[in-house]
Amino acid sequence: MALRTGRLLQAEGYTVNYSRTSDVNVSLSERARMANEWGADYFVSIHCNSNVNPIYTGTETFFYREGSVAEDFALVVNTALVEEINTKDLGIFSANFAVLRLTRMPAILVELAFLSNPAEAELLATDSFRQRCAIGISRGIIGFTS
């Protein structure tokens with residue numbers, strides 16, 4: 001979904017850098033270091049959530065410091081994403097994640113849906129849902145940065 005989101009943003013004139021473009025391990029601190037070296041204006045980390053209890057569903061977005069630009073960024077992206085993919089809005093939360101704490105630019109971590117929930121896992125497996133996730137994230141980014 002990150003590659004799809006990147007292509008949508010590039011089509012709108014954004015410059016996009018990726019910490020990885022294949023299934024290779026890049027540590028969280030390394031991802032933050034890379035973004036800092038690029039001089040990125042914003043950092044977006046895209047994930048699928050999981051929980052030992054399969055009843056959990058929904059979309060949530062994390063940022064590091066309350067009252068920051070990143071908090072506003074998280075709200076706009078989360079709202080656009082939930083509107084596009086029609087999942088339960090779990091909201092936005094402050095978290096001490098490495099990619100949020102170690103980046104110098106406003107950074108967010110998006111949890112699209114729960115792989116541990118059978119219905120959401122089924123959605124995540126479809127091309128159309130993954131494309132809608134990319135559309136929602138890119139609309140949020142464009143809406144915030146325009």
Practice task
Search all heavy atoms of A32 against all heavy atoms of L102 and return the closest pair with its distance.
Solution key: CB-CB, 3.6 Å
Handout entry: Heavy-atom donor-acceptor pair, S45 side chain to L109 backbone, under 3.5 Å
Key = no
Handout entry: Side chains of T15 and W38 in contact at under 4.5 Å (non-hydrogen atoms)
Key = no
Problem - Considering all heavy atoms, the nearest V76-G140 contact - result: CG1-O, 3.4 Å
Problem - hydrophobic_cluster_shared for I55 and L115, side chain cutoff 4.5 Å - result: no
Handout entry: Flag side-chain contact, heavy atom, 4.5 Å: F62 against S94
Key = no
Practice task
Measure the CG-CD1 distance between N78 and I108 for me, rounded to the nearest 0.5 Å.
Solution key: 8.5 Å
Practice task
Measure the CG-CZ distance between D127 and R132 for me, rounded to the nearest 0.5 Å.
Solution key: 12.0 Å
Handout entry: Close side-chain approach of I142 and R139, heavy atoms under 4.5 Å
Key = no
Practice task
To the nearest 0.5 Å, tell me how far R130 CZ sits from L112 CG.
Solution key: 11.0 Å
Practice task
Return the minimal non-hydrogen interatomic distance between S116 and P118, and the atom names on each side.
Solution key: O-CD, 3.6 Å
Exercise for the section: Check whether any side-chain heavy atom of M1 lies under 4.5 Å from a side-chain heavy atom of C48, and answer yes or no. Expected result: yes
Problem - Nearest heavy-atom neighbours spanning Y18 and M34 - result: O-CE, 4.1 Å
Practice task
Determine whether L28 and F93 fall in the same hydrophobic cluster, where Ile, Leu, Val, Met, Phe, Trp and Tyr are linked whenever their side-chain heavy atoms lie under 4.5 Å apart.
Solution key: yes
Handout entry: Within one Ile-Leu-Val-Met-Phe-Trp-Tyr cluster: Y14 and V44, side-chain cutoff 4.5 Å
Key = yes
Problem - Path from V82 to F73 over hydrophobic side-chain contacts below 4.5 Å - result: no
Handout entry: Worked check of side chain to side chain contact (heavy atoms under 4.5 Å, CB included) between R65 and L100
Key = CA-CA 9 Å; R65 291 192 194 279; L100 305 178; over 6 Å; no
Handout entry: Any donor-acceptor pair under 3.5 Å from N117 side chain to G58 backbone
Key = no
Handout entry: CZ on R104 to CG on D41, rounded to 0.5 Å
Key = 13.5 Å
Problem - Sidechain-backbone polar pair: T126 side chain, L123 backbone, donor-acceptor under 3.5 Å - result: yes
Practice task
Report yes if some heavy atom in the side chain of N96 is under 4.5 Å from a heavy atom in the side chain of Y64; otherwise report no.
Solution key: yes
Exercise for the section: With the side chain counted from C-beta on, respond yes when E30 and N25 share a heavy-atom pair under 4.5 Å apart, and no when they do not. Expected result: no
Problem - Spacing of CD1 belonging to I135 relative to CZ belonging to R4, to within rounding of 0.5 Å - result: 9.5 Å
Problem - I92 side chain reached by E71 side chain, heavy atoms, under 4.5 Å - result: yes
Handout entry: Pairwise side-chain contact, I85 with T59, heavy-atom cut-off 4.5 Å (strictly under)
Key = yes
Problem - R101, CZ atom: more than 12 neighbouring heavy atoms under 6.0 Å - result: yes
Handout entry: E122 atom CD: more than 12 heavy-atom contacts under 6.0 Å
Key = no
Practice task
Examine V16 and I137 and state if one hydrophobic cluster contains both, with Ile, Leu, Val, Met, Phe, Trp and Tyr joined whenever side-chain heavy atoms are less than 4.5 Å apart.
Solution key: yes
Completion exercise
Closest non-hydrogen contact found for T61 with A74 is CG2-CB, 3.7 Å
Problem - Nearest non-hydrogen partners of A80 and G136, listed with the distance - result: CB-O, 3.5 Å
Exercise for the section: May I have the step-by-step check of side chain to side chain contact (heavy atoms under 4.5 Å, CB included) for F114 and T87, ending in yes or no? Expected result: CA-CA 10 Å; F114 282 81; T87 51; over 6 Å; no
Practice task
Check for a donor-acceptor pair, side chain of E111 on one end and backbone N or O of N49 on the other, with a separation under 3.5 Å.
Solution key: yes
Exercise for the section: Would you give the length of the straight line joining atom CD of E12 to atom CD1 of I141, rounded to the nearest 0.5 angstrom? Expected result: 11.5 Å
Problem - Plane angle bin for Y42 and F144 - parallel if under 30°, tilted between 30 and 60°, otherwise perpendicular - result: perpendicular
Problem - Short side-chain to backbone donor-acceptor contact, E120 and T57, under 3.5 Å - result: no
